[in-house]
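Okay, structure first, notes after.
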Amino acid sequence: MGTRTVRLDDEAYERLASRKREGESFSDVVKWVAGERSLLELAGILSDEEAAELEAATEGGRKRPRERSDEIGRRFEVF
């Protein structure tokens with residue numbers, strides 16, 4: 001991937017710099033500001049307990065349609 005030189009006035013630079021987090025490049029900030037989101041932005045936003053609750057809820061949501069589908073299949077089984 002190539003690189004480009006971009007001129008920014010002082011105000012634009014300061015605005016970008018204020019959004020820049022530790023370990024981020026200005027390219028990362030521009031992508032974020034321009035709307036290209038990275039899944040890495042989600043890293044660490046949930047506690048271990050919250051992550052476990054979310055995982056359990058997601059798995060529960062997956063099981064219900066399968067269970068319902070199996071139930072319907074049993075009810076209409078001709079054999």
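Sequence neighbours left out, not one pair with a member in residues 39-67 passes ring pair (Phe, Tyr, Trp, His ring centres under 6.0 Å).
With sequence neighbours excluded, no residue forms a side chain to side chain contact (heavy atoms under 4.5 Å, CB included) with R4. Qualifying salt bridge (Lys or Arg N to Asp or Glu O under 4.0 Å) partners for E49, counting only residues two or more places apart in sequence or in other chains: none. With sequence neighbours excluded, the residues that form a salt bridge (Lys or Arg N to Asp or Glu O under 4.0 Å) with R15 are E11. In terms of the side chain to side chain donor-acceptor pair (under 3.5 Å) criterion, residue partners of E50 (sequence neighbours excluded) are, by chain and number, S47. Judged as a side chain to side chain contact (heavy atoms under 4.5 Å, CB included), and not counting sequence neighbours, the contacts of A12 are L8, D9. Residues satisfying the side chain to side chain donor-acceptor pair (under 3.5 Å) test with E24, not counting sequence neighbours, are R21. Annotation: side chain to side chain donor-acceptor pair (under 3.5 Å) contacts of T58 (sequence neighbours excluded): none. Residues passing the side chain to side chain donor-acceptor pair (under 3.5 Å) test with S69: none are found, sequence neighbours excluded. With sequence neighbours excluded, the residues satisfying side chain to side chain contact (heavy atoms under 4.5 Å, CB included) with I72 are R68, F76.
Counting non-hydrogen atoms of other residues, nucleotides and ligands closer than 6.0 Å to OH of Y13 gives a total of 12 or fewer. Taking a 6.0 Å sphere around CG of D48, one finds it holds 12 or fewer heavy atoms contributed by other residues, nucleotides or ligands.
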